[in-house]
Amino acid sequence: MIRFGLCCIFRKEPIKFRRTTAKYLGRFSRRQQLANLSEICMANADALYRALQFCRRHGIKGFRINSQILPLKTHPEIGYRFEDLPSHRKIRRMFERCGTYASEHDLRTTFHPDQFILLSSPDNNVTQRSTADLIYQSEVAQWVNADVINIHAGGAYGDKIRTLNRLRREIERLPEAVRRRLTFENDDRIYTPEDLLPVCNDMEIPLVYDVHHHRCLPDGNDVEKTTQLALKTWNREPLFHLSSSLNAKGDGNPRNHHDTIDIADFPRCWLQLDTTIEVEAKGKELAVLKLMKEVFRLSAEKSA
DNA sequence: AGCGGTCAAGTTGAT
DNA sequence: ATCAACTTGACCGCT
């Protein structure tokens, strides 16, 4: 069975994750900052629980957690230790409750740190800060039983081979809690599945295969072949990404995501897989539910 | 209450 | 050398 995953937020369902800015918090005393952050983190733990409940009710068995779930956690000025939040014990219990709920109902959760998290940068400060962020996300991942922290390989810095070697060295230095959750995803500008597979295989880091990115930045392998290669990198349930171009035939940027998934973009060779497919579409839960219906129909036709 | 400017972060590529 | 794009909604401050 395919497990479909929703990414981070909702389109219609009134479940919101809160955030704040360093600039805004900067005007308050440290005590007030921490009180404010504590409140936001608690609201986010509560929102996550409600998000998981929504997913369970609707048969959506995967949920990607926003990387700002503890806002500004590693910010150079505003960053804080979790234990410094006034309500940290309660917040932690609330996240652990999410983890229990997810396990009980077979819901899979994942993290996808954003574009600034780079293990391959030649700038040591960048990789240091990135690692700090990965550690924070792995801590929350532990509470909520998330088994994936998925990132991209980063920039080319003029030499992809040298950069990937730097990436390998950086992986070896990661704490175990990060490394056993870490995955790499092919991107739409620089690193193809073919580029990443050697690193993934050697370092035992699974490949999150994004078929839309692969269509934007091909590497000579077709979808079937790459699917098979990606599957082999997984020592747990595989995870793939699916989205549809906003401008399939227009002149806009084809890398942008559409509201929904065009069923024509769903690789037929994925139909029989026991895999999580995270649906990247602006229509969020509406798009996931629509796709689930259409894929179900497709499977029924195929077996009939 | 509603609207618009703003938001931590890095890298690439257009100008 | 500079700067927008990437992607993006939600927050805050002002009206």
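So you know, we letter chains A, B, ... as the sequences are listed, proteins then strands, and number each from 1.
- Nucleic acid contact for A:I78: none, since no nucleic acid atom lies under 4.0 Å from a heavy atom of the residue.
- Atom name C1', nucleotides B:dA1 and C:dT8: the rounded distance is 23 Å, in whole Å.
- Pair assignment for B:dG10 gives C:dC6, based on Watson-Crick or G-U wobble hydrogen-bonding distances that are each under 3.5 Å.
- The distance between atom CZ of A:R129 and atom P of B:dT11, rounded to the nearest whole Å, is 9 Å.
- Counting only heavy atoms from C-beta on, A:P122 has its side chain closest to B:dT11 among B:dT11, B:dA8, C:dC11.
- Within the 4.5 Å cutoff, side-chain heavy atoms of A:T227 are placed close to those of A:W270.
- Listed nucleotides: C:dC11, B:dG10, C:dT7. Nearest to the side chain of A:S121: B:dG10.
- Counting only heavy atoms from C-beta on, A:A156 has its side chain closest to B:dT12 among B:dA8, B:dT12, C:dC11.
- Between A:L217 atom CG and C:dC6 atom C1' the separation is 15 Å, expressed in whole Å.
- A:P71 has its side chain out of reach of A:R18: every pair of non-hydrogen atoms, C-beta onward, lies at least 4.5 Å apart.
- The nearest pair of heavy atoms linking A:D195 to A:L164 is O-CD1, 3.6 Å.
- Comparing C:dT7 with B:dA14, their P atoms are spaced 16 Å from each other, to the whole Å.
- Taking atom CZ on A:R64 and atom C1' on C:dT8, their separation rounds to 14 Å, with Å as the unit.
- The phosphate of C:dA10 has OP1 or OP2 within less than 4.0 Å of a side-chain N or O from A:K16.
- Counting only heavy atoms from C-beta on, A:L118 has its side chain closest to B:dG10 among B:dA8, B:dG10, C:dT7.
- Separation of the P atoms belonging to B:dT6 and C:dA4 is 12 Å when rounded to the nearest angstrom.
- Closest contact between the side chain of A:K282 and the listed nucleotides B:dG10, B:dA8, C:dT8 involves C:dT8.
- Between A:I261 and A:V279 the shortest heavy-atom distance is CG1-CG1, 3.6 Å.
- Listed nucleotides: B:dA9, B:dG10, C:dC11. Nearest to the side chain of A:D114: B:dA9.
- Atom CG of A:N66 and atom P of B:dC7 are 19 Å apart (whole Å).
- Nucleotides B:dA8 and C:dC12, compared at atom P, are 12 Å apart to the nearest Å.
- Using the six-membered ring where Trp is involved, A:H214 and A:Y209 have ring planes that are perpendicular, over 60° apart on the 30 and 60° scheme.
- Using a cutoff of 4.0 Å between basic side-chain nitrogens and carboxylate oxygens, A:E172 and A:R168 are not scored as salt-bridged.
- The nucleotide whose nearest atom lies closest to any side-chain atom of A:H75 is, among B:dA8, C:dG9, B:dA9, B:dA8.
- Atoms CZ (A:R189) and P (B:dA14) sit 9 Å apart, rounded to a whole Å.
- Phosphate contact (OP1/OP2 of B:dC7, side-chain N/O of A:Y24, threshold under 4.0 Å): absent.
- C:dC6 and B:dG4 have their P atoms separated by 22 Å, with the value rounded to a whole Å.
- Taking the side chain of A:D188 as heavy atoms from C-beta on, and the options B:dA8, B:dT11, C:dT7, the nearest nucleotide is C:dT7.
- In the set B:dG10, B:dA9, C:dC11, B:dG10 carries the atom at the smallest distance from any side-chain atom of A:Q115.
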